[in-house]
Structure formats: structure tokens, C-alpha cells
Participant: 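First, the structure itself, so that you have it in front of you.
As the structure lists them, so they are numbered: ligands from 1, and atoms in each ligand from 1. For reference, positions follow the sequence shown, starting with 1.
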Amino acid sequence: MVKDLSITIKPEDEKNTSLINYLICQEIKKAGIQFCKQELISVFQKKSIDARHGHIKLHLKYKVYIGEKPQESENTIPEWKTADPDKRVIVVGSGPAGLLAALKLLEDGIKPVVIERGKKTPERRVDIAQISTKGIVNDDSNYCYGEGGAGTFSDGKLYTRSNKRGNIGSILNTFVYFGADKKILTDAHPHIGTDKLPKVINNIRNKIIEMGGEVHFDTRVVDFVIEESCENKGSKIVKGVVTKNTQTGQEETFIGNAVILATGHSSSCIYKLISKISPSSLESKSFAVGVRVEHPREMIDSIQYHGNTENMPAAEYRVVTQIDGRGVYSFCMCPGGFVVPSASEDDGIVVNGMSTAARNSKWSNAAIVVEIRTEDIPQIFTDKAKEAGCEALAGLYFRTDIEQKAKQHGNGQAAPAQMMEDFLADKKSEELPKTSYTPGVVSSNLKEWLPEIISSKLHKGFIEINKNMKGFVCSQAVLIAPETRTSTPVRILRDKESFECINLKNLYPAGEGSGYAGGIVSSAMDGIKAAEMIKQKLFNL
Ligand SMILES: Cc1cc2nc3c(=O)[nH]c(=O)nc-3n(C[C@H](O)[C@H](O)[C@H](O)COP(=O)(O)OP(=O)(O)OC[C@H]3O[C@@H](n4cnc5c(N)ncnc54)[C@H](O)[C@@H]3O)c2cc1C
């Protein structure tokens with residue numbers, strides 16, 4: 001017999017195996033199950049921290065086998081087969097969606113040809129360092145672009161609210177197989193950490209190459225190879241991609257049975273390219289814009305753990321409120337983390353957050369963002385998009401404008417910043433504390449240049465958040481702006497069932513850039529699903 005059960009203990013008892021075994025036995029007795037102790041094998045499943053009501057508790061979940069042997073994990077690692085060169089799928093982008101799609105194709109020996117505009121992680125690190133030291137962003141190699149995509153230099157948080165579309169367990173197992181800590185399989189809120197992610201990503205790349213796939217770095221897709229369909233007049237079929245080498249400028253064409261487009265939500269050039277070829281394949285969608293809020297870590301720990309911070313990991317928080325009919329909420333909270341410069345073009349500033357596996361920096365940060373619906377986008381950007389021939393791009397123009405304004409109020413990649421209390425008092429901060437944001441910060445009254453629809457809701461939002469999280473508004477909280485890339489403002493329309501782009505046959509938009517996924521795990525799941533659809537449709541697998 002197998003029984004799933006939970007026990008609750010104090011944090012200091014986490015390693016007290018006799019107490020844990022005793023509590024497990026008590027739970028089994030309570031359930032009226034007859035057993036003798038020697039017959040029990042308990043397999044730890046998940047841990048979560050409950051810091052509500054002023055007392056910290058750990059909830060531990062176990063699967064207990066009574067008189068039975070534990071089964072093999074349901075999430076075993078698949079076997080990858082040597083690629084058949086006659087079955088080729090072009091995968092644009094080496095983020096979580098692209099890499100996991102490539103591995104999925106290899107399960108049936110379909111050859112993935114991964115095209116990535118950015119560099120391999122060691123070289124990408126150099127470009128990332130230069131953002132802080134020189135204030136320069138390389139348009140092809142930065143926090144968003146390069147091996148592993150936007151997820152490589154991130155917190156590597158691996159939780160998703162989207163549980164429907166795939167097997168999260170198998171994705172976590174894949175990450176463990178390629179070098180992530182096994183803890184991610186049992187933590188309720190797993191994260192890999194920016195120090196560990198590059199190794200995992202490099203191992204995935206090596207596996208793809210070992211199995212006969214290709215990975216091309218420094219190779220930017222600049223166009224699609226398109227044929228008009230003979231059967232269906234006016235319909236376009238994507239046969240491959242045209243690329244430009246970012247180092248040599250040399251053009252090259254890659255042809256395949258299908259193209260998975262996993263270029264992430266930063267790739268404005270891809271949206272603009274599609275808007276020229278097939279404007280009706282794009283639609284605008286809601287997105288969110290705001291600021292990164294940074295507090296001293298000790299302060300957040302103390303608020304969340306009610307002062308009992310001893311032996312506790314850096315505390316997380318998640319806040320959400322409604323202001324004037326729009327959501328104002330926290331996003332990508334990084335306990336013990338850093339605010340990072342994640343612009344993908346040199347003419348703008350964008351901030352985001354990351355942390356190491358240990359989550360032990362002096363600060364904790366989170367984005368606090370305001371939901372922007374299509375109807376909230378100022379008319380000037382809708383007009384600009386119409387002029388360019390595709391109204392769906394309005395949000396993209398709005399986003400770019402905010403990022404460029406931030407650059408005007410910053411200095412190089414030093415970002416505009418303000419103490420939260422000064423923001424609420426509508427005055428520029430006379431002094432700013434040291435922050436985790438390495439390019440530096442420049443004092444700026446954010447309300448003077450952040451669109452009013454955002455700043456007014458942030459203002460009210462902070463006050464609301466502070467009602468439930470006392471101490472959130474405080475003299476030490478700093479706002480660093482702007483956080484514009486929580487999700488894409490554009491969706492590439494695809495068929496619900498087949499995942500194929502509605503007007504561009506053989507093109508499979510996947511991951512965050514498609515507008516149907518967000519975050520590492522959900523983008524990975526989306527990439528896997530696109531690969532599965534291609535296998536079914538083109539190779540009858
Ligand atoms: C600093 C930071 C921290 C984050 N932290 C987390 C976190 O902790 N947890 C979480 O779930 N999510 C996090 N995210 C978001 C997460 O990284 C993304 O949701 C995820 O990476 C999206 O995966 P993707 O594969 O769809 O796209 P991406 O990861 O964006 O990958 C797209 C790839 O396509 C390439 N590309 C773009 N255009 C072209 C082109 N024209 N030609 C060739 N290649 C191209 C890019 O270089 C890039 O490598 C973070 C993001 C950032 C920037």
C-alpha cells in the first residue's frame with residue numbers, strides 16, 4: 001500500500017529524523033492502517049515554508065510505502081537518438097523553449113538545428129560584465145540574448161502557475177540530469193541560481209551536438225525563406241530562415257521541414273519581420289510595466305518571518321492588489337538577490353532580478369508592475385503602429401519609448417532610481433543608498449517621466465501592499481526603473497491544436513515570445529509541445 005501524507009514541524013527539527021519518523025507513524029496510525037515499522041519506506045516529496053500567523057512551520061510531504069518497494073520515478077529521463085539528417089527542424093533561439101524543443105525532437109532522432117544570435121555563456125559573461133563596467137549593451141549578447149536565453153543569468157526560479165500543458169516533473173528531472181541540484185525536485189518553490197544555470201545549459205548544448213544536432217551561435221535570423229502555397233492561393237509556407245553572422249556579417253540560409261520560433265519576448269526585430277510578411281499573424285496583448293523595489297534582505301526576512309529569522313532562508317513574498325480596475329502585483333521576486341541591467345538594445349534601460357543558489361546577497365528585490373491592457377496604450381503608439389502597417393505592435397512601441405526615456409534619465413546603464421517614500425511624496429531623492437544594481441543609479445523623480453497610468457497605480461499599489469505587508473513602505477526601500485519585460489506585448493497567433501502559426505505554415509511560435517507562455521518552466525513546456533506537434537504532423541510520430 002502507498003500513502004501520501006504531510007507532517008508539520010518547526011524549522012529547527014528539519015534534520016531530526018527520529019521525530020520525523022515518529023510523526024509519519026502517527027499519521028499512518030490516524031488513518032487506521034495496520035503496519036509494523038520495518039515495513040515502512042518513506043520517500044520525501046516536497047517541502048514548503050508556512051510563515052503565516054506569526055509562527056514559522058515547515059510542511060513536509062512524503063509518499064510512504066507500506067510493505068511495498070518504492071516504484072521507479074514516473075519522470076525518468078528519455079533516451080535521445082542519433083539525429084537523422086533527413087529530418088531537420090530549425091529551432092530559432094536557445095532559451096528554455098528552444099533547448100527543450102531540441103531535446104524533444106532528438107527523442108525521435110529528428111535533427112534540431114538551433115540558431116542563436118548571442119554567444120556561448122563564457123563569452124556572453126564578458127559582454128554582461130561590460131554592461132556594468134562600461135555602461136554598454138551589446139545588441140546580440142546581453143542578459144536576454146545568448147546561450148540559454150533570458151533564463152541563464154537569472155534566479156532560475158522553476159515554478160509556474162501553468163500546470164496544464166505539460167509535465168513539470170519531467171522538466172525538473174531533465175534539469176537535474178544536466179547538473180541542477182536535486183533539491184529542485186522537492187522544494188515547493190525550486191530555483192537553480194545564476195551560478196549553477198550556465199553549467200546546466202552547456203550540458204544540454206553538448207548533448208544536442210553529441211546526438212547529431214547543430215547549434216549555431218552568433219547567428220541572427222533576419223528573414224524567413226517563404227514559398228507561396230500552390231494548393232492554397234495566398235497562403236505562405238515557411239521553408240527556413242536567412243541568417244546573418246553577427247561577427248562576420250556573412251549571410252547563410254538554413255532550410256528545414258519546420259521552424260520553431262523561440263526568440264523570447266525581447267526580440268522586437270522578429271515581431272517587426274512578421275508584421276511585414278503577415279501582419280494578421282500578430283495581435284496585441286496585455287502586459288505589465290513597473291519598477292524593481294529593493295529592500296535590505298534582513299528587513300524582508302524580518303517582515304515575512306515575524307522577526308524569527310534564525311536558520312531561515314532569505315524570505316520570499318508575493319503581493320497582488322487591484323487599483324482602478326488593473327492588477328498591481330509583484331513579479332520575479334529575488335530573495336537575497338541582485339537587480340540586473342537587462343536591456344537588449346543600447347538605447348534603453350530595463351531592469352530585472354536574479355540571485356545565486358545561496359540567495360545570500362544583502363538585498364531582496366521584486367518587480368512591482370501594473371497591468372497594461374491594449375486600451376491603456378497611449379494613442380500616439382497605436383498611430384505609430386498603424387503607420388508601420390501593423391496595429392498589433394502598439395505595445396512594443398510603448399515599451400520601447402519607456403525604456404528609451406529611462407535611458408535619458410539615467411547615465412549609460414546607470415538606472416533612474418528613487419526612494420519609495422520620496423516617490424510617494426513626489427520629490428526627487430537627495431541621496432540614494434548603495435544598491436545591488438552594479439551599473440549604478442541616478443536620482444530621478446520617476447513620476448516625471450513614467451507614464452501616469454503606471455506611476456499613479458504604483459503609488460496607490462504601494463500603499464495597499466503596505467496594509468498587508470507592514471514595513472514594505474519604509475525609508476530604506478529603493479525603486480529602480482523601469483521593469484518592462486515581464487511579458488510580451490505581442491502575440492504570434494497560432495492554431496490552438498497544432499501550434500502552427502495561423503497564416504505562416506510550418507512556422508511554430510513557441511515560448512515566451514509567442515505570447516502563450518512566460519517564465520522558464522512554462523516556456524520550456526511550450527517548446528516541448530511545439531516539438532511534439534511537429535513530430536505528429538510532419539513525421540507521423
Ligand atoms: C534577468 C532575468 C531573470 C529572470 N528570472 C526568471 C526566473 O527566476 N524564473 C523564471 O521562470 N523566469 C525568469 N526570467 C524569465 C525567463 O528567463 C524567460 O521567461 C524565459 O527565458 C523565456 O524562454 P524562451 O525560451 O521563450 O525565450 P528566451 O529565454 O528569451 O530565449 C530566446 C532566445 O532567442 C534568441 N533570439 C532572439 N532573436 C533572435 C534572432 N533574430 N535570431 C536568433 N536568435 C534570436 C535570443 O538571443 C535568446 O537566447 C528571467 C528573465 C531575466 C531577463
Participant: Does the plane of the ring in Phe398 sit parallel, tilted or perpendicular to the ring in Phe381? Use 30° and 60° as the thresholds.
Facilitator: tilted
Participant: Run the contact test for Met354 against ligand 1 with a 4.0 Å cut-off on heavy atoms, strictly below, and give the result.
Facilitator: no
Participant: Would you call Arg220 and Asp140 a salt bridge, using N to O less than 4.0 angstrom?
Facilitator: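 A salt bridge links Arg220 with Asp140.
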Participant: Closer than 4.0 Å to some heavy atom of Gly353 - which atoms of ligand 1 meet that?
Facilitator: 1 (C), 2 (C), 3 (C)
Participant: Taking distance alone, with N or O pairs closer than 3.5 Å, would you say Gly513 contacts ligand 1?
Facilitator: no
Participant: Quick one: look at Ser523 and ligand 1, take heavy-atom pairs under 4.0 Å, and tell me if it's side chain, backbone, both or neither.
Facilitator: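 The answer is the side chain of Ser523.
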Participant: Is there any N or O on Tyr143 that sits under 3.5 Å from an N or O of ligand 1?
Facilitator: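 No, since none of the N or O atoms of Tyr143 sits under 3.5 Å from an N or O of ligand 1.
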Participant: Mind listing the closest non-hydrogen atom pair of Ala481 and Ile349 along with its distance?
Facilitator: O-CG2, 3.9 Å
Participant: Does Thr219 have a heavy atom less than 4.0 Å from any atom of ligand 1?
Facilitator: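 Per 4.0 Å heavy-atom rule, Thr219 contacts ligand 1.
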Participant: Checking contacts here: is it the side chain or the backbone of Cys334 that comes within 4.0 Å of ligand 1, counting heavy atoms only? Could be both or neither.
Facilitator: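 Contact part for Cys334 vs ligand 1: neither.
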Participant: Determine, for Tyr516 and Arg491, whether the Lys NZ or Arg CZ falls below 6.0 Å from the six-membered ring centre while staying within 45 degrees of the axis.
Facilitator: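 Geometry flag: set, cation within 6.0 Å and 45°.
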Participant: Should Phe153 be counted as touching ligand 1, given the test is an N or O pair under 3.5 Å?
Facilitator: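 Min N/O separation from ligand 1 is not below 3.5 Å for Phe153.
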Participant: Is a salt bridge present between Lys120 and Glu147, judged by a nitrogen-to-oxygen distance below 4.0 Å?
Facilitator: no
Participant: Is it true that Ala517 lies under 4.0 Å from ligand 1, counting heavy atoms only?
Facilitator: no
Participant: Polar contacts were defined as any N/O atom of the residue lying under 3.5 Å from an N/O atom of the ligand; does this apply to Ser267 and ligand 1?
Facilitator: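 Checking ligand 1 against Ser267, an N or O pair does fall under 3.5 Å apart.
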Participant: Which atoms from ligand 1 have a heavy atom of Cys144 less than 4.0 Å away?
Facilitator: 48 (C), 49 (O)
Participant: Verify the neighbour count for atom NZ of Lys119: are there more than 12 heavy atoms of other residues, nucleotides or ligands below 6.0 Å?
Facilitator: yes
Participant: Taking the minimum heavy-atom distance to atom 30 (O) of ligand 1, which of Ala343, Ser344, Gly264 ranks first?
Facilitator: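 Looking at heavy atoms only, Gly264 sits closest to atom 30 (O) of ligand 1.
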Participant: Among pairs that include at least one residue of residues 199-223, which meet ring-ring contact (aromatic ring centres under 6.0 Å, His included), considering only residues two or more places apart or in two chains?
Facilitator: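 Every pair satisfying ring-ring contact (aromatic ring centres under 6.0 Å, His included) with a residue in residues 199-223: His216-Phe254.
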Participant: Check this for me - ligand 1, Ile270, N or O atoms closer than 3.5 angstrom, yes or no?
Facilitator: no
Participant: Geometry only, no angles: is Ala150 polar-contacting ligand 1 at N/O separations under 3.5 Å?
Facilitator: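 The answer is yes, given that Ala150 and ligand 1 share an N or O pair closer than 3.5 Å.
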Participant: Considering residues at least two apart in sequence or located in another chain, which fulfil the ring pair (Phe, Tyr, Trp, His ring centres under 6.0 Å) criterion with Tyr305?
Facilitator: none
Participant: Record the part of Val92 in heavy-atom contact with ligand 1 below 4.0 Å; permitted values are side chain, backbone, both and neither.
Facilitator: side chain
Participant: For atom 2 (C) of ligand 1, tell me which residue out of Asp140, Thr486, Val339, Asn352 has the closest non-hydrogen atom.
Facilitator: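 Ranked by closest heavy atom to atom 2 (C) of ligand 1, first place is Asn352.
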Participant: In terms of atom number and element, which parts of ligand 1 are under 4.0 angstrom from non-hydrogen atoms of Cys332?
Facilitator: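 Listed by number with element, the hits are 5 (N).
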Participant: Backbone, side chain, both or neither: what part of Pro96 comes under 4.0 angstrom of ligand 1, heavy atoms only?
Facilitator: both
Participant: Check this for me: Lys285, atom NZ, are more than 12 non-hydrogen atoms of other residues, nucleotides or ligands nearer than 6.0 Å?
Facilitator: yes
Participant: Select the closest option to atom 11 (O) of ligand 1 among Leu273, Ile520, Ile115, Leu99, judged by heavy-atom distance.
Facilitator: Ile520
Participant: Measure the acute angle between the ring planes of Phe153 and Tyr143, then classify it against the limits of 30° and 60° as parallel, tilted or perpendicular.
Facilitator: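 Phe153 and Tyr143: perpendicular rings.
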Participant: At less than 4.0 angstrom from any non-hydrogen atom of Gly511, what atoms of ligand 1 do you find?
Facilitator: 26 (O)
Participant: Quick one: do Ser141 and Glu123 satisfy side chain to side chain donor-acceptor pair (under 3.5 Å)? Show the steps, please.
Facilitator: CA-CA 9 Å; Ser141 173; Glu123 294 144 52; over 6 Å; no
Participant: Fit a plane to each ring of Tyr317 and His295, take the angle between them on a 0 to 90° scale, and name the class: parallel (under 30°), tilted (30 to 60°) or perpendicular (over 60°).
Facilitator: perpendicular
Participant: Say whether Arg220, considering both its backbone and side-chain N or O atoms, lies within less than 3.5 Å of an N or O atom on ligand 1.
Facilitator: no
Participant: Indicate yes or no: does an N/O atom of Ala97 lie under 3.5 Å from an N/O atom of ligand 1?
Facilitator: yes
Participant: Can you confirm whether Gln130 is buried at CD, in the sense that more than 12 heavy atoms of other residues, nucleotides or ligands lie under 6.0 Å from that atom?
Facilitator: yes
